Every structure is written in C-alpha cells, then in structure tokens.
**Student:** 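To start, I am sharing the structure in question, which I have written as structure tokens.
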Amino acid sequence: MIIPNVNALSDEQLKEVTEIVTAFGCKVKVIRGQERHVYAIIGDERDDDMVTKLEGLPYIDRVDRIQSPHKLMDIRSSLSTHKVKLGGVTLGEEPFFCAGPCTIDPKNPNLTIETAHAVKEAGAHVLRGGVWKPRTNPYSYQGDTKALLILMEASRQTGLPVDTEVMDEEHLHLAVESGVNCLQIGARNALNYALLRQVGHAISGRDTCVLLKRSIHMGPVQEFISAAEYIVQLGNPNVILCPRGTQPALDGYRNHPDESIIPLVKERTWAPVIVDPCHAVGKASYVPAAALAAIAYGADGLCIECNIHPNKGIGDDPKQAVAPEVLRRIISQTRELWRIRRGVPGRD
Ligand code: PEP
Ligand code: MN
C-alpha cells in the first residue's frame with residue numbers, strides 16, 4: 001500500500017505512480033478515506049525495485065508491505081485512522097443504533113412508516129428494513145421491489161438513512177440508484193465473493209456504507225475480516241462488521257450468539273463492529289440481554305429488529321422484533337454501559 005505525504009495524489013502524481021507499478025505487472029487502486037486517500041498495489045507488491053522507485057518519489061511517504069491476507073482491513077494498515085460515518089454518528093465515538101422491521105410488507109406500507117417514526121423516536125440513527133429476503137423456505141415470502149419505495153418514503157418522512165439487504169446485482173443497482181445509504185450483506189451471502197466484489201465496485205467513489213453480517217458458517221476471525229477486504233479493496237472503506245450468531249445453534253437459541261468475537265476482531269482490524277442480537281437469539285425476550293452483552297464485549301453499536309406491532313410483521317418480526325419501548329430501554333442502557341466501559345463521564 002502506497003502512503004503519500006499529501007492527502008490525495010494529483011492526477012499527474014497518480015499517473016507517475018501508475019506507470020511505475022504497471023512496469024512491474026501491478027495495478028494501483030485508490031482507496032478513498034474520509035480524510036486521506038491511500039493507494040493499494042494490486043498484484044505482487046514484494047518487488048524491492050518497485051518499492052524503491054515509489055519511495056523515491058518526493059510526494060510518497062512510504063510503501064507499507066503488511067504481510068496480511070487482509071492488508072487494508074488490518075489494524076496496522078494506514079486505513080486504521082479511517083472513521084466510518086453513518087446517520088450522523090462517527091462509529092466508535094458514540095453508540096450507534098440501526099433498527100426497524102425485518103421485512104417490509106408491501107401490502108401494509110403504514111406499518112413500516114409508523115415503525116420508522118417509532119424507531120427514530122426511540123433513538124435509532126438508521127432505519128433497517130428488508131426489501132428482498134433470503135428465505136430458507138423457497139415458498140415463503142421472498143421480498144418485493146415495491147417495498148423499496150416504502151423504505152425510501154419512510155426515510156424521507158423521518159430523515160433517517162436506510163439499510164437494506166442486497167442479494168444480487170439487480171438488487172444492488174436498484175438500491176444504490178434509489179439512494180440506500182447502507183447495503184446489508186446477509187449471513188448467507190457473506191461468503192459470496194463474487195457478490196462482495198460487485199458491491200465493492202458499485203459503491204466505489206460513493207459514501208455508501210456496507211453492513212457485512214458474519215456468515216452462519218464462518219469460523220476463523222480472519223475469514224470475516226477477509227470478506228470485508230473484498231469490498232474495501234475496490235475503493236470504499238465504509239464497511240461495518242456485524243456478528244449475528246453462527247451455526248450450530250446453542251440449544252434454545254436460533255443461532256450461537258457470537259458477540260464474544262468482538263475483542264478478537266478488534267485486535268486485528270480497525271473496522272467498526274455492530275452486533276445484531278435478534279438473529280443470534282431469535283426470540284424478542286432474549287434480545288435485551290444479548291444486546292447489552294454485545295456492548296460489554298466492546299460493540300460500537302447494535303442492529304435490532306423492531307416493529308410497532310411485531311405480530312403484524314412478516315419475516316422474523318413475530319418471533320424476534322422488539323417493541324419500540326424495549327428498543328428505547330436498550331438504547332438508554334447501552335449508553336450507560338458504554339460510559340462505564342469506555343470511562344466517559346456522564347452526559348444526558
Ligand atoms: C435480516 O437482517 O433480516 C437477515 C436476514 O439477516 P441475516 O443475514 O443475519 O440472517
Ligand atoms: Mn430478519
């Protein structure tokens with residue numbers, strides 16, 4: 001990775017850098033951080049002659065040759081000062097909350113719209129809502145593009161940015177063109193490297209964020225972080241990691257809650273981590289404890305399924321969505337626990 005001593009290379013400087021790396025059979029990719037850009041060398045960056053030439057340029061500070069399978073996501077990467085911003089929050093600086101229904105019912109737009117107002121009122125920064133749904137049963141409701149209009153209307157009315165899951169290229173382009181602020185990659189697709197690359201391409205040069213769920217089948221921490229690297233290497237570093245429970249399930253829970261992975265993730269990457277306790281435990285009454293456990297483990301925030309009438313919702317809501325008053329309580333207790341954990345003096 002090339003680190004300039006300026007915030008971004010000029011066109012001329014980039015051309016000079018590109019000529020050098022091309023001569024060694026490599027390519028250069030701009031990674032646009034909030035404050036400064038870094039330049040990834042795609043290809044074998046171990047060639048000493050190439051590095052010497054690059055480091056000889058007056059506007060280059062250094063060339064990092066981190067030996068890591070996820071060199072951009074690595075805690076030692078120059079991107080480690082990058083801050084992901086979403087919903088008016090700089091992740092890591094204060095607790096972040098994304099909430100809303102599992103699935104948007106296109107036949108009942110008011111349920112989503114009213115829920116959107118309720119989650120905003122409860123303190124959420126981002127509205128989540130599934131337009132297209134990955135369902136185990138092929139005969140269950142699969143989602144409907146009409147729901148995207150409802151999600152965007154809810155965003156317009158509340159002013160909340162929105163998060164929705166994309167599963168293929170068509171969803172991806174529809175979501176990006178509609179102005180979805182955060183693309184969710186679900187637990188089933190977190191290992192779909194072709195999709196991860198398509199997402200990386202689609203958001204390159206935009207401020208769109210990605211909420212990357214941990215796959216149900218992911219084992220090593222490195223596997224999770226490398227999935228994020230697939231996206232970030234294409235130019236946009238706004239990735240948020242989201243543990244949400246793995247298989248096999250803990251007896252009685254929907255999955256095996258995996259918030260305890262957070263300290264391990266944070267030792268290896270700079271990326272913010274928010275936890276989805278709903279899919280981990282799968283039952284609304286277990287969600288508050290799982291949410292607070294995640295914060296105790298160092299989560300930067302939470303993604304919670306919430307519905308004003310969970311029983312009228314579709315998808316997971318009847319089982320695992322919390323009511324807005326429960327969300328409000330989780331948010332307030334999270335803020336308290338955050339202060340204790342991070343030693344920040346009391347505010348509100
Ligand atoms: C969801 O967020 O509704 C969802 C399907 O998530 P996951 O991919 O974690 O199962
Ligand atoms: Mn769900």
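Being a predicted model, the structure only gives us computed values, none of them experimental. Both ligands and their constituent atoms are indexed starting at 1 by order of listing. Hydrogens, waters and symmetry mates play no part in the numbers below; they use all other heavy atoms, side chains included. FYI, the numbering just counts along the sequence from 1.
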**Student:** Taking atom CG of L91 and atom NZ of K85, what is their separation to the nearest 0.5 Å?
**Tutor:** 11.0 Å
**Student:** Measuring from atom CD1 of I231 to atom SG of C209, what distance do you get when rounded to the nearest 0.5 angstrom?
**Tutor:** 11.5 Å
**Student:** Which residue pairs pass the ring-ring contact (aromatic ring centres under 6.0 Å, His included) test with at least one member in residues 161-184, sequence neighbours excluded?
**Tutor:** W132-H171
**Student:** Salt bridge (charged side-chain N to carboxylate O under 4.0 Å, His left out) between R65 and D48: does it pass, once the steps are laid out?
**Tutor:** CA-CA 10 Å; R65 286 184 285 177; D48 287 339; 2.8 Å; yes
**Student:** Starting from the C-alpha separation in whole Å, work towards a yes-or-no answer on salt bridge (charged side-chain N to carboxylate O under 4.0 Å, His left out) for D74 and K71.
**Tutor:** CA-CA 5 Å; D74 199 280; K71 58 187 177 183; over 6 Å; no
**Student:** Less than 3.5 Å apart, N/O on ligand 1 and N/O on the protein: could you list those pairs with the distances?
**Tutor:**
| from | atom 1 | to | atom 2 | distance (Å) |
| --- | --- | --- | --- | --- |
| ligand 1 | 2 (O) | R128 | NH1 | 2.7 |
| ligand 1 | 2 (O) | R128 | NH2 | 3.3 |
| ligand 1 | 2 (O) | Q184 | NE2 | 2.8 |
| ligand 1 | 2 (O) | K213 | NZ | 3.1 |
| ligand 1 | 3 (O) | R128 | NH2 | 3.0 |
| ligand 1 | 3 (O) | K133 | NZ | 2.8 |
| ligand 1 | 3 (O) | H279 | NE2 | 3.2 |
| ligand 1 | 3 (O) | E305 | OE2 | 3.1 |
| ligand 1 | 6 (O) | K213 | NZ | 2.9 |
| ligand 1 | 8 (O) | A187 | N | 2.7 |
| ligand 1 | 9 (O) | K213 | NZ | 2.7 |
| ligand 1 | 9 (O) | R244 | NE | 2.6 |
| ligand 1 | 9 (O) | R244 | NH2 | 3.4 |
| ligand 1 | 10 (O) | R188 | NH1 | 3.1 |
| ligand 1 | 10 (O) | R244 | NH2 | 2.7 |

**Student:** Determine the sole option in I31, V38, D61 for which the side chain to side chain contact (heavy atoms under 4.5 Å, CB included) test with S78 is passed.
**Tutor:** V38
**Student:** Through direct or indirect side-chain contacts below 4.5 angstrom among Ile, Leu, Val, Met, Phe, Trp and Tyr, which residues connect to L9?
**Tutor:** I2, V6, L14, V17, I20, V21, F24, V28, V30, Y39, I41, M50, V51, L54, L57, Y59, I60, V63
**Student:** Are R342 and W338 in a cation-pi contact, defined as NZ or CZ under 6.0 Å from the six-membered ring centre and within 45° of the axis?
**Tutor:** yes
**Student:** Going from CD1 on I304 to SG on C102, what distance comes out if it is rounded to the nearest 0.5 angstrom?
**Tutor:** 14.0 Å
**Student:** For the Mn ion (ligand 2), what is the number of protein N, O or S atoms at a distance under 2.8 Å?
**Tutor:** 4
